[in-house]
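One structure is given here, and the rest of the page talks about it.
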Amino acid sequence: MNTVIIGVAGGTGSGKSTFTNRMKRYFGDRISVIYHDNYYKRQDDIPFEQRVKTNYDHPDALETDLLIDHLQELRAGRAIRCPVYDYSVHNRSDEFIEIQPRKVILVEGIMVLQDKRVRDLLDIKVYVEADADERILRRVLRDVEERGRDLRGIIDQYLTTVKPMHYLYVEPTRSTADIVINSGRNDVAYDLFRGKIERLLLDEP
């Protein structure tokens, strides 16, 4: 099986997860999806009060070496056990998700294009962008509704780590992308990309 790995990157709240999840809902088990966020490092030896203060928007917060190993395994036709990150405790859970090798694999995350070793494994590189004010509003809604965070903590984290790290590590990767999409809710881009994946899936069994 000739596996095609597609990376979907972009700033927090840009819509990359929306874009990726639309593809996941449409194609179902015909494709596999990996979220880089699940590869945040274990912090078992760090108290919760300190884990809250970890800079999660720095490349060092992620176990990218494991992601690379997993992508290589999937490309070789072998299933992987993907870690699961628990945002409520700022640590990995003890659960795993088994991901099967498929013809098309989507990899989504803010740092997906940041590491050259990952970029070299990607056949198609996508960057999703949106205005900064839209991104922060979407992040606030997500962190409050989905991750149980308090507003003050979200604002503090955004100003101290998320915003500066975006300009240092995320936005510069835009130039490495093959395709730049304006918002994950861009229906034209979604339709075109969905058609591309359909063609890839039809190329061979």
Side-chain angles (χ1 to χ4, degrees), residues 1-40 57 59 61-85 96-130 166 169-205:
M1 178 172 61
N2 184 22
T3 301
V4 176
I5 304 177
I6 303 170
V8 182
T12 182
S14 62
K16 63 189 179 300
S17 295
T18 298
F19 180 79
T20 301
N21 290 336
R22 288 180 76 181
M23 294 296 175
K24 185 177 181 180
R25 285 193 299 270
Y26 181 82
F27 289 103
D29 291 338
R30 297 169 67 197
I31 67 172
S32 288
V33 178
I34 297 178
Y35 299 96
H36 200 184
D37 282 3
N38 277 324
Y39 290 80
Y40 279 119
D57 292 88
L62 293 150
E63 193 176 354
T64 300
D65 288 346
L66 180 60
L67 172 67
I68 291 168
D69 289 344
H70 281 177
L71 292 177
Q72 291 170 335
E73 286 291 295
L74 288 167
R75 176 157 272 163
R78 294 184 287 268
I80 63 162
R81 296 180 76 211
C82 178
V84 175
Y85 195 79
F96 290 89
I97 301 172
E98 185 170 289
I99 297 178
Q100 298 295 327
R102 306 287 185 202
K103 171 65 193 267
V104 174
I105 297 170
L106 297 186
V107 188
E108 182 264 317
I110 62 173
M111 297 284 180
V112 164
L113 300 182
Q114 191 273 330
D115 193 309
K116 185 180 184 299
R117 297 172 301 162
V118 178
R119 290 200 306 272
D120 289 345
L121 289 170
L122 303 176
D123 299 288
I124 302 173
K125 299 180 287 293
V126 180
Y127 187 92
V128 183
E129 63 180 3
H166 173 79
Y169 296 110
V170 182
E171 190 171 273
T173 68
R174 183 185 188 277
S175 63
T176 70
D178 300 307
I179 303 165
V180 177
I181 296 173
N182 179 21
S183 169
R185 295 176 174 83
N186 186 322
D187 288 335
V188 174
Y190 168 75
D191 289 342
L192 289 171
F193 220 79
R194 186 183 64 189
K196 172 65 175 177
I197 293 176
E198 289 276 19
R199 291 190 295 275
L200 289 170
L201 293 173
L202 289 172
D203 276 348
E204 62 181 63

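Note that these values count all heavy atoms, side chains included, but never hydrogens, waters or copies made by symmetry. Residue numbers run from 1 in the order of the sequence given.
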Could you measure the distance from the CE atom of Met23 to the CG atom of Leu106? Nearest 0.5 Å is fine.
7.5 Å

Are the side chains of Val170 and Gln114 in touch, meaning some heavy atoms are under 4.5 Å apart?
no

Got a second to check how far Arg81's CZ is from Ile97's CD1, nearest 0.5 Å?
11.5 Å

Is the shortest side-chain heavy-atom distance between Thr18 and Val128 below 4.5 Å?
no

ring-ring contact (aromatic ring centres under 6.0 Å, His included) contacts in which one or both residues fall within residues 102-126, not counting sequence neighbours:
none

Shortest non-hydrogen contact between Val188 and Asn186, atoms and distance:
N-OD1, 3.1 Å

Here the gap from Thr20 atom OG1 to Arg25 atom CZ, rounded to the nearest 0.5 Å, amounts to 10.5 Å

Those residues that, when tested against Leu74, pass side chain to side chain contact (heavy atoms under 4.5 Å, CB included) (two or more places apart):
Ile34, Ile80, Ile99, Pro101, Ile105

Can you establish whether the number of heavy atoms outside Arg194 located under 6.0 Å from its atom CZ is more than 12?
yes

Glu198 bridged to Arg30 by N-O distance under 4.0 Å
yes

Interatomic distance, CG@Leu200 vs CD1@Ile6, rounded to 0.5 Å, equals 6.0 Å

Report yes if the side chains of Leu67 and His36 come closer than 4.5 Å at any heavy-atom pair, otherwise no.
yes

Less than 4.5 Å apart, any side-chain heavy atom of His166 and any of Thr12?
no

Go through it in stages, so that I can follow the logic: the residues are Tyr127 and Thr173, the test is side-chain contact (heavy atoms from CB on, under 4.5 Å), and I'd like the CA-CA distance, side-chain angles, deciding distance and then a yes or no.
CA-CA 8 Å; Tyr127 187 92; Thr173 68; 3.6 Å; yes

With sequence neighbours excluded, tell me which residues meet side chain to side chain donor-acceptor pair (under 3.5 Å) with Arg102.
none

Separation of Leu202 CG from Ile197 CD1 (nearest 0.5 Å)
12.0 Å

Can you name the closest pair of heavy atoms from Pro83 and Leu66 and give their distance?
CG-CD2, 4.3 Å

Just grab all the ring-ring contact (aromatic ring centres under 6.0 Å, His included) pairs involving residues 183-203, residues at least two apart or on different chains.
Phe19-Phe193

Identify the heavy atoms of Ser14 and Gly10 that sit nearest to each other, and give their distance.
OG-C, 3.7 Å

Quick check: do Arg75 and Gln72 have side-chain heavy atoms less than 4.5 Å from each other?
no

Is any side-chain heavy atom of Tyr85 closer than 4.5 Å to one of Asp37?
no

Does a side chain donor of either Ser17 or Glu108 reach within less than 3.5 Å of an acceptor in the other side chain?
yes

With sequence neighbours excluded, residues passing side chain to side chain donor-acceptor pair (under 3.5 Å) with Asp29:
none

Does Lys16 reach the main-chain N or O of Gly11 with its side chain, forming a donor-acceptor pair under 3.5 Å?
yes

Residue list, side chain to side chain contact (heavy atoms under 4.5 Å, CB included) with Asp115, at least two apart or on another chain
Thr64, Arg117, Val118

Can you measure from CD1 (Ile68) to CD (Glu63) and round to the nearest 0.5 angstrom?
10.5 Å

Counting C-beta onward and ignoring hydrogens, is there a side-chain heavy-atom pair between Ile124 and Lys196 closer than 4.5 Å?
yes

Are Val112 and Val8 close enough that some pair of their side-chain heavy atoms sits under 4.5 Å apart?
no

